[in-house]
Amino acid sequence: MARYIFITGGVVSSLGKGLMAASLAALLQARGFRVRIRKFDPYLNVDPGTMSPYQHGEVYVTDDGAETDLDLGHYERFTGVSARQSDNVTQGRIYQTIISKERKGDYLGATVQVIPHVTDEIKAFATADTDDLDFVLCEIGGTVGDIESLPFMEAIRQLHNDLGRLQSIFVHVTLVPYIAAAGELKTKPTQHSVRELTSLGIQPHILLCRCEQPLPESERAKIALFCNVRPEAVIPALDAPNIYSVPAQYHAEGLDDEVLRAFGIETAPEPALERWIDIMDRYANPEGEVTIGVVGKYVGLPDAYKSLHEALVHGGLANRVKVHIRWIDAELFEQPDSDIAAQLEPMHGILVPGGFGVRGSEGKIASVRFARERGVPFFGICLGMQMACIEGARNTAGINDAWTTEFGETSEPIVGLITEWMSEEGLQKRSADGDLGGTMRLGAYPAKLTGNSVVAGIYGAEDISERHRHRYEVNASYREPLEKGGLIFSGMSPDGTLPEIVERPDHPWFVGVQFHPELKSKPFDPHPLFAGFIAAALKQSRLV
Ligand code: GLN
């Protein structure tokens, strides 16, 4: 039977619980255990798909087509275990399930209540589909004391009892702030946070204490005493130089040993950390550097492009170079006096990422043109590929009015709404006036690559599968004029109807993809397209 690790947070939000969960899972996996991480989000949206990236950061998409919290991206990047729909639930989804059951009469006349109905639904979610696992790590979003997270706290309290002895533990993540004026680390917020947690019936087994300064033994002992845990179970989590050094750092502080001890597991192999040590070495000792300009819309919030940022870093690890990312607001290039060349000339590669809406689109199209004309490596992702096709249509195929129906009516729909397409589950349909949530082409779809294409060389394969999240598609009926202009459709859906990849073979590196390759990149297994793009940027850096 799977064992459960419930991870809660206290004192403040943004402590990086997701990264901690991912790092702990990576350590357990490195000891040979089978792990899976789940995220419980207390907000009332059914999923984060309709939330602005500015509110909630990136929407992470799974192979099975779920729009989920960005923490699932960390989970995949650290463990390599593909996340599933069943690994992220929101309070909104829990209520949606309960209300639809109530309407069907499934509760047989009972009064439907938070306890037991909501808590039962949460428990059912936590324990579903875990037979083949050794550990399930459940991260509870939010901070202890939030009204919204109460049903989740109650559910894990109950589950701890239901599961029986030594089958589950609580790990609480807190902050030990450094007060510069006093020159001291303060333990009081941690004490209060644990008190809040115990008032809900949850006694943590392990405290993971985020701190900017090393935690002195005296303070560790004090936290242990006041919070009713062993001193060894107070794990200092000092700020790390980069996220991929966190697993090794926590191991050095004894986190995984304490977790196993709390479960009463006395014999477990030492973790095989070679893969993390190699990544840390590549990270710390780059042999060169490149600068990539990302021309997008949500450039003010790094979390909005979390996976993209990480995938570029992975591309750097693959080539042993440091990647500097310049986030450029596409709207800047729409000002009449903007000097696009001055902004983009220092870049060794230009990337136009995914996005929604017309704002900044002419700036993106101008960036594509700059990259094409100047021979600068170009990578277009999702909306970025659509912009590359519109640029190609206007400037190399003479279709001056080229446009996408996403932004309004047009006589030249280079990109348009496709209302029917095939998936493994059969014919999928969507309509222009359908719901916004959950109605896009979502999740993994196969694509066929042309044998002698640039991308087939990069992948080393002709059959690939990648994750999608978009409503519009490049219109295959423009294939001929676009290819005459040098933009080759080198990847198509297996039925040949949907363009999935375009490339310019006469350019040093110019690739547009309709999917999101950044979602599948891992530090120990960089995505080939990102490795290839950074390799091309490195070549470019030696030219300029
Ligand atoms: N807005 C575009 C579409 O819906 C692209 C989406 C994206 O880049 N994820 O097709």
Side-chain angles (χ1 to χ4, degrees), residues 47-54 56-63 65-68 70 73 294-299 301 303-309 311 330-331 350-365 367-368 378-391 393 402-408 410 413-421 423 428-445 447 466-476 478 493 497-502 511-521 529:
D47 63 40
T50 54
M51 284 157 93
S52 156
Y54 271 130
H56 195 256
E58 155 188 281
V59 175
Y60 189 77
V61 181
T62 58
D63 274 334
E67 297 178 279
T68 70
L70 58 76
V294 177
V295 184
K297 180 162 136 185
Y298 317 105
V299 291
L301 180 76
D303 268 2
Y305 296 116
K306 189 81 213 161
S307 295
L308 179 68
H309 177 271
E331 275 187 290
I350 295 171
L351 192 152
V352 177
F356 294 83
V358 66
R359 200 152 57 75
S361 52
E362 290 300 341
K364 294 174 193 175
I365 292 168
S367 311
V368 180
F378 171 81
F379 197 1
I381 294 180
C382 210
L383 185 67
M385 157 166 161
Q386 298 174 357
M387 296 298 109
C389 290
I390 291 173
E391 193 280 330
W403 202 221
T404 160
T405 59
E406 178 178 0
F407 305 158
T410 168
I414 302 294
V415 180
L417 185 71
I418 306 284
T419 52
E420 291 189 359
W421 75 99
S423 82
Q428 302 283 319
K429 288 188 184 215
R430 58 190 160 188
S431 74
D433 52 4
D435 277 355
L436 279 186
T439 53
M440 288 187 266
R441 180 147 81 104
L442 283 169
Y445 282 83
E466 293 280 3
R467 294 183 198 168
H468 291 248
R469 179 175 187 253
H470 53 102
R471 198 167 276 112
Y472 297 85
E473 311 279 352
V474 170
N475 189 340
Y478 284 95
S493 58
T497 59
L498 304 176
E500 306 284 37
I501 305 183
V502 294
V511 175
V513 295
Q514 187 57 76
F515 45 81
H516 289 277
E518 70 273 25
L519 300 176
K520 285 176 62 168
S521 188
L529 286 172

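Values below: all heavy atoms of this structure, side chains included; hydrogens, waters and symmetry mates excluded. Read the numbers this way: they start at 1 and go in the same order the structure lists the ligands and their atoms.
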- Report the residues that fulfil ring-ring contact (aromatic ring centres under 6.0 Å, His included) with Y60, sequence neighbours left out, ordered by chain and then residue number. none
- Note on the structure: To the nearest 0.5 Å, atom CD of E473 lies from atom CG of L498 at 4.5 Å
- Would you say the side-chain atoms of Y305 pair up with the backbone N or O of Y298, donor to acceptor, closer than 3.5 Å? yes
- Query: Any Lys/Arg nitrogen of E331 or R359 sitting under 4.0 Å from an Asp/Glu carboxylate oxygen of the other?
  - Reply: yes
- Task: Indicate yes or no: does E518 engage R469 in a salt bridge with an N to O separation below 4.0 Å.
- Result: no
- Amino acids contacting ligand 1, non-hydrogen cut-off under 4.0 Å: G354, G355, F356, C382, L383, Q386, E406, R469, H470, R471, Y472, H516
- Message: Quick check for you: to the nearest 0.5 Å, what is the distance between S521 atom OG and H516 atom NE2?
- Response: 14.5 Å
